[in-house]
Each structure stands twice: as structure tokens, then as C-alpha cells.
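For reference, the structure is listed below as C-alpha cells.
Predicted model only: the values in this text are computed from it and were never measured.
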Amino acid sequence: MSLPVVLLAGVFFISLLLTMVGLGGGLVFSPLFVLLGMAKGEAAAASLFLNLTAAGSAAYAYSRKGMVDFSLSIPLILFSAAAAPIGAYLNTRIETKPFLMIVAVILFLAAVRMLFSPKGDDRTVERARTTKIIGGAIIGAVIGLMAGLLGIGGGVFIVPLLIFFLKIPTKTAAASSTFIVCFSSLTGFLGYASMGEVDWYFLLPAAVVAFLGGQAGARLMSTRLTGRTVRLLFSLLLFGLCAKLLHQGFYGV
């Protein structure tokens, strides 16, 4: 079996698994592509485009089932986009290593909390539109600041914040997250595309595979998985990101 076929299979399964928990695969794609020999800019561009494709595919499937909360998602998108440049500015002004440690501890606690969430957390809670808008705006600003400050995608923070602070049911939070991450992926990709950092010969077939993976992940999550299972998968992802941030904080890589 040739490497491209193996790589495309990997893109499919990464897209499938991460769209089930509200992401598109960017956390895995970028380091994977660098390990396979891509230049960093090219790897980042490919990762963002595939993240957009997989998350967009899943978001479309979730929205058709009424699982995406748009009244919550839109203010979150707007405020995260506005706050990200502020976070990037703060990155140049403050020492980020202590902040990395604090965020790693928060992610660890969030992972533990999701791992042992009580069964009642999956009940549907109707909240006022105003509460959702204000809550989405606040969470969006926090996510944008953290993404800009730490230089990582903010999508991984969305699901825990929606579940813990707005009491959004797990599946709704994950489904809405796929819609939200589409926009940050799109703007990031356009930035790289404007600099010519795109390998379309690899990206176009990979995007088809990522789209199919997103569809499969959305179907599995909406019909086969319980909210508790989604939380378990997401908690494992948070533990991994926690380890990554600790490593970055200690070694600066």
C-alpha cells in the first residue's frame, strides 16, 4: 500500500473521530504533516483546509438534525474573532510560560470533570435567547484571547465551556462547535493561501476524504453515541492537549 493511500485513510479516520467531539482534525493534521516532511507553512495550510472541510461537513449534517444552536454560535464566532488579535498582542507583552501551566491545569480539571459527569448533564435545558447571546459572547472573547495568546486553535476550549458554564447538552455543544471552528479555519487558511502555501494536488483528494470522514463522524455521534461517550472521548483529547501544553511550557516547543 502506497504512502498516499495510507495518509488518505488516516485523514478519513482523524476527521471521523474528531468531528464526533466537535472538532475537525486540525490538532492532529498539522503535526502529522510536519512529521511526514511537509514544510510548516504548507502543513498548516493543509491542516486548516482539511479542518474546515471536515468540520463543515459535520456541521451541515448536524444542522440538518437540528443539533446546531445558531443563536449561541454566531455571537461566539464574532467575539472570538475580535478577541484573537488582542491575545496575539498580549503574547508579545507578557510571559506565556506560566500561563501555559495554568491553562494545562484547567484543561486537566475539565477533562476529569467531563470524565465523571453525572448522567443528568445530558438533559435538554431551554435557555433564554438573551442568555445564550451574552454567554456566547463572553465565551467567544475568552476563547479568542486564549487562542491568540497561546498560538493554538481555540476550538478545543469551546465544548467544555459550553457544557460547564452554559449547561448546554453535550451533543449540542459538540455539534455547535463544528460550525464555530469552520470560521477560524477559513480565515487562517485564506491567510496561508494568499502566500502560496498550498499543495492542491494533495489537498483536493484529501479534502474529499475529510468531507466523508466528517459525514461519518456526524452520523455516528448523532445516532450511535451517548453524550457520556462523547464526553469520554473529549476528556481523552483534553488530557493529550494538557500534556502538550506542559511540554511546551517546560521545553518551549
Side-chain angles (χ1 to χ4, degrees), residues 4 7-62 68 73 76-85 87-88 91 140 143-159 174-215 217-218 237 240-241 244-245 248:
L7 182 55
L8 290 175
V11 168
F12 175 83
F13 285 108
I14 291 168
S15 300
L16 184 155
L17 290 172
L18 292 190
T19 51
M20 288 194 297
V21 296
L23 301 173
L27 280 174
V28 179
F29 288 141
S30 186
L32 173 63
F33 295 157
V34 170
L35 286 174
L36 292 177
M38 283 190 184
K40 287 186 178 180
E42 186 180 319
S47 175
L48 287 166
F49 189 78
L50 296 181
N51 201 58
L52 168 63
T53 305
S57 172
Y60 174 72
Y62 289 137
V68 177
S73 301
L76 198 154
I77 291 166
L78 296 175
F79 277 81
S80 63
N91 180 274
I143 289 170
L145 280 171
M146 295 180 73
L149 183 60
L150 299 178
I152 62 176
V156 72
F157 300 109
I158 294 173
V159 175
S176 300
S177 177
T178 59
F179 174 72
I180 294 164
V181 301
C182 289
F183 293 85
S184 58
S185 299
L186 175 61
T187 54
F189 170 73
L190 291 176
Y192 282 102
S194 67
M195 297 182 290
E197 300 277 0
V198 181
D199 179 3
W200 290 110
Y201 290 103
F202 163 70
L203 208 50
L204 290 179
V208 173
V209 173
F211 180 89
L212 295 175
Q215 287 289 303
L237 180 67
L241 183 58
K244 177 182 178 182
L245 290 180
Q248 185 175 344

> Is any side-chain heavy atom of Phe33 closer than 4.5 Å to a side-chain heavy atom of Asp199?
Replying inline: no

>> Within a 6.0 Å radius of atom CZ on Phe79, are there more than 12 heavy atoms belonging to other residues, nucleotides or ligands?
In response: no

> Which atom names give the shortest non-hydrogen contact between Gly24 and Thr19, and what distance separates them?
Replying inline: CA-CG2, 4.3 Å

>> Using 0.5 Å steps for rounding, measure from the CD1 atom of Ile14 to the CG atom of Leu7.
In response: 8.0 Å

>> Can you give me the closest heavy-atom contact between Leu8 and Val209, atom names plus distance?
In response: O-CG1, 3.1 Å

> Got a second to check how far Ile77's CD1 is from Phe179's CZ, nearest 0.5 Å?
Replying inline: 4.5 Å

>> Between Ile180 and Ile143, does the side chain to side chain contact (heavy atoms under 4.5 Å, CB included) criterion hold? Intermediate values first, please.
In response: CA-CA 11 Å; Ile180 294 164; Ile143 289 170; over 6 Å; no

>> Name the residue from Trp200, Tyr192, Phe202, Phe29 that meets the ring pair (Phe, Tyr, Trp, His ring centres under 6.0 Å) definition with Phe49.
In response: Trp200

>> Taking Thr53's backbone N and O only, do any of them form a donor-acceptor pair with Ser57's side chain (distance below 3.5 Å, no angle check)?
In response: no

>> Looking at every heavy atom in both Ser194 and Gly191, which two are closest together, and how far apart are they?
In response: OG-O, 2.6 Å

>> If you compare all heavy atoms of Pro85 against all heavy atoms of Ala82, which two are closest, and at what distance to 0.1 Å?
In response: CD-O, 3.4 Å

> Less than 4.5 Å apart, any side-chain heavy atom of Leu212 and any of Leu16?
Replying inline: no

>> Using every non-hydrogen atom in the two residues, find where Tyr60 and Gln215 come nearest and quote the distance to one decimal.
In response: CD2-NE2, 4.3 Å

> Any side-chain heavy atom of Val21 sitting closer than 4.5 Å to one from Val159?
Replying inline: no

>> Donor-acceptor check, side chain of Ser15 to backbone of Gly213, threshold 3.5 angstrom: yes or no?
In response: no

> If you measure from OG1 on Thr187 to CG on Leu48, what distance do you get to the nearest 0.5 Å?
Replying inline: 8.0 Å

> Do you know which two heavy atoms are closest between Ser176 and Ser73, and how far apart they sit?
Replying inline: CB-OG, 3.6 Å

